[in-house]
Amino acid sequence: MSAHQLDPLDLFDLRSELTEDEAMVKDTVGRFVDDRVIPLMREAFEQHEFPGELVGDVAELGLFGSSIEGYDCAGLNSVSYGLICQELERGDSGLRSFVSVQSSLVMFPIHAYGSEEQKQRWLPAMARGEAIGCFGLTEPHGGSDPGNMKTHAKRDGNDWVLNGSKMWITNATIADAAVVWAMTDEGIRGFIVEKGIPGFETQEIENKFSLRASVTGALFLDNVRIPEANVLPGVTGLKGPLSCLTQARYGITWGVIGAAQACLDEALRYSQDRVLFGRPVSHTQAMQIRLADMARRITTAQLLSLRLGRLKDKGEMSPSQVSLAKWNNCRAALDIARDARDILGGAGISAEYVPIRHMLNLESVITYEGTETVHQLVVGKELTGVNAFG
Ligand SMILES: Cc1cc2nc3c(=O)[nH]c(=O)nc-3n(C[C@H](O)[C@H](O)[C@H](O)COP(=O)(O)OP(=O)(O)OC[C@H]3O[C@@H](n4cnc5c(N)ncnc54)[C@H](O)[C@@H]3O)c2cc1C
């Protein structure tokens, strides 16, 4: 290696742009992923099982609700949250999804829109990993159009009565509390639905070929009676759930970089070791172009996410910027994973190597939290001022 060789996974030395605290977060989570996460993930994926034994460690590291100040949370900045997502997803998108849902889709709305009593009850317990949350927005008839939700809540005395169902919900069957979004006469409201309450059932979705180390399920609400104290008082309308999605999508833009880095790392190593036609296949022009293209895409994604994180920390990030980065970075990571799979030849379909697992996971990540088309249309609307969804 020459003295001037750049880090193949960080060609533009983004590390030097991080503060000391941010670099420390990245290194700490990175070590945890190398030591504890990566050794478990292959089996968790193969067994279609969430590695619950990691929850305590994740909590101990302060990774749940890491952006929240107080309530036993770490109070880190947005770039640090992004780096946490990146390192976790270098291990597996399933674990990153678990942390994203708990932090951005459950703790964020309770913190931003909840009553003080709701915050005291849930946030410290969730930060410690003693309570798990899920986020129920998507319904079976079409996740891309959440404003058309059928789940509804009606006032009945001091209570609300909820009916409907939610589909494709991460953590559904392991959650102690679900933040469920339902239509009311006043518009969409958020409800904290606790496990075990009469009329509330969950069911796991079996046989997934993607995010197998993450729990996904359905929520069923049949005349579920919710006290007013469990309604999020601070928000009405679609902007409630959409603001949560903006937080989570921001984290995804970073997370998928980690998955892509793991794939480039494997492809690089494999192509250097693989001798074909008398020389390592990495010495061929065709292979170098493919590897260079992966590095180009990763670098672009890194620059987008870091810029987005700095904007977010200044309070200047807009949802359409998040859409552009979610679209770009998920597409880049999925293409990289597919190409890395191919670079490994037949070995690429084996779980002994990481690309096939990341590739299958990324098929979910490019779909959830807004499909690629949805994000393209958000950017199109930003450019033209015209809503082309309908
Ligand atoms: C593993 C996994 C975990 C998930 N976790 C959660 C969760 O925790 N909570 C939650 O609420 N949801 C969750 N989701 C749901 C996810 O957000 C939805 O799957 C996603 O929003 C897409 O919705 P849909 O599956 O109903 O597809 P649809 O909305 O039915 O879309 C079908 C197709 O139509 C395209 N399309 C949509 N609109 C347009 C248009 N205007 N013009 C042209 N094409 C269009 C889409 O791009 C897509 O290709 C999860 C999904 C998965 C797979």
Side-chain angles (χ1 to χ4, degrees), residues 44-45 48 50 89 92-109 132-151 164-175 177-183 188 190-191 193 202-221 238 240-249 251-252 255-256 259 322-323 326-327 330-331 334 357-381 384 386-390:
F45 187 92
H48 209 319
F50 172 67
E89 196 149 355
D92 192 88
S93 306
L95 182 64
R96 199 272 306 141
S97 299
F98 175 78
V99 174
S100 288
V101 168
Q102 178 94 338
S103 298
S104 289
L105 297 181
V106 180
M107 295 174 77
F108 169 79
I132 302 302
C134 72
F135 174 87
L137 177 64
T138 303
E139 299 189 355
H141 59 272
S144 302
D145 186 12
N148 182 35
M149 67 174 61
K150 309 284 185 240
T151 299
S165 63
K166 299 287 177 179
M167 183 67 176
W168 298 114
I169 307 305
T170 303
N171 299 346
T173 56
I174 56 170
V179 172
V180 171
W181 299 93
M183 191 59 84
I188 293 170
F191 297 82
V193 180
T202 63
Q203 189 177 19
E204 187 163 357
I205 298 170
E206 311 273 357
N207 305 325
K208 304 197 309 281
F209 282 82
S210 176
L211 288 191
R212 288 171 64 83
S214 163
V215 173
T216 316
L219 310 178
F220 301 100
L221 302 128
L238 198 53
L242 290 187
S243 66
C244 303
L245 293 176
T246 299
Q247 307 300 314
R249 289 165 175 173
I252 291 171
V256 295
V322 178
S323 281
K326 201 264 180 187
W327 157 26
C330 288
R331 169 53 58 194
L334 180 57
R357 177 164 53 80
H358 283 299
M359 184 191 102
L360 292 168
N361 283 339
L362 289 164
E363 294 288 351
S364 284
V365 182
I366 203 169
T367 290
Y368 70 24
E369 307 258 356
T371 65
E372 189 168 58
T373 306
V374 162
H375 291 294
Q376 289 166 332
L377 295 180
V378 170
V379 176
K381 182 177 170 209
T384 64
V386 175
N387 183 346
F389 283 93

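Numbering of ligands and ligand atoms starts at 1, following listing order.
- The CH2 atom of Trp168 lies 9.5 Å from the OG1 atom of Thr367; values are rounded to the nearest 0.5 Å.
- There is no protein heavy atom closer than 4.0 angstrom to atom 49 (O) of ligand 1.
- A donor-acceptor distance shorter than 3.5 angstrom exists from the side chain of Gln102 to the backbone of Gly133, with no hydrogens or angles considered.
- By the criterion of a heavy-atom distance under 4.0 Å, the side chain of Thr371, and not its backbone, is placed next to ligand 1.
- Neither the backbone nor the side chain of Leu105 has a heavy atom within less than 4.0 Å of ligand 1.
- Distance check on atom 35 (C) of ligand 1: every protein heavy atom falls at or beyond the 4.0 Å cut-off.
- The distance from the NE2 atom of His48 to the CZ atom of Phe209 is 8.0 Å, given to the nearest 0.5 Å.
- Ligand 1 places these atoms under 4.0 Å from at least one heavy atom of Ile169: 7 (C), 8 (O), 9 (N), 10 (C), 11 (O).
- In this structure, CD1 on Ile366 lies 7.0 Å from NZ on Lys326, to the nearest 0.5 angstrom.
- When hydrogens are left out, the protein atom nearest atom 26 (O) of ligand 1 is Gly143 N, 2.6 Å; that is the closest non-hydrogen contact.
- Per-residue contacts place Leu211 under 4.0 angstrom from the following atoms of ligand 1 (heavy atoms of the residue considered): 1 (C).
- Checking atom 3 (C) of ligand 1 against the protein gives a heavy-atom contact under 4.0 Å.
- For ligand 1, one of its N or O atoms has an N or O atom of Phe389 under 3.5 Å away.
- Within the 4.0 Å heavy-atom criterion, the part of Glu369 lying near ligand 1 is the backbone and not the side chain.
- With respect to atom 9 (N) of ligand 1, the closest heavy atom belonging to the protein is Phe135 O, 2.9 Å.
- At a heavy-atom cutoff of 4.0 Å, ligand 1 is contacted by both the backbone and the side chain of Thr138.
- When only modelled atom types and interatomic distance are considered, Ser97 and Tyr368 share a side-chain donor-acceptor pair under 3.5 Å.
- When atom types are taken as modelled, the side chain of Thr151 and the backbone of Ser165 share a donor-acceptor pair closer than 3.5 angstrom.
- Distance check on atom 20 (C) of ligand 1: some protein heavy atom falls below the 4.0 Å cut-off.
- For ligand 1, the atoms lying closer than 4.0 Å to a non-hydrogen atom of Leu137 are 11 (O).
- Nearest non-hydrogen protein atom to atom 30 (O) of ligand 1 is Gly142 CA, 4.0 Å.
- Nearest to atom 42 (N) of ligand 1 among the protein's heavy atoms is Leu377 CD1, 4.1 Å.
- Lys208 places a side-chain N or O within donor-acceptor distance of the main-chain N or O of Ser214, the cut-off being under 3.5 Å.
- Here the heavy atom of the protein found nearest to atom 8 (O) of ligand 1 is Thr170 N, 2.9 Å.
- Going from atom OG1 of Thr138 over to atom CD of Glu369 covers 8.5 Å, rounded to the nearest 0.5 Å.
- Listed by atom number, the atoms of ligand 1 under 4.0 Å from Ser144 heavy atoms are 23 (O), 28 (P), 29 (O), 31 (O), 37 (C), 38 (N).
- To the nearest 0.5 Å, atoms CG (Leu245) and OG (Ser243) are separated by 8.0 Å.
- Residues Asn361 and Asp92 meet the side-chain proximity criterion, which asks for heavy atoms closer than 4.5 Å.
- Judged by distance alone, with hydrogens and angles left aside, the side-chain atoms of Arg331 form no donor-acceptor pair with the main-chain N or O of Glu372 at under 3.5 Å.
- Nearest to atom 43 (C) of ligand 1 among the protein's heavy atoms is Thr373 CG2, 3.8 Å.
- Counting all heavy atoms, side chain and backbone alike, Lys166 lies closest to Trp181 at NZ-O, 2.8 Å.
- Contacts of Ser364 with ligand 1, taken as heavy-atom pairs under 4.0 Å, involve the side chain alone.
- Distance alone, capped at 3.5 Å, places no donor-acceptor pair between the His375 side chain and the Val322 backbone.
- Scanning all protein heavy atoms for the shortest distance to atom 14 (N) of ligand 1 gives Trp168 O, 3.0 Å.
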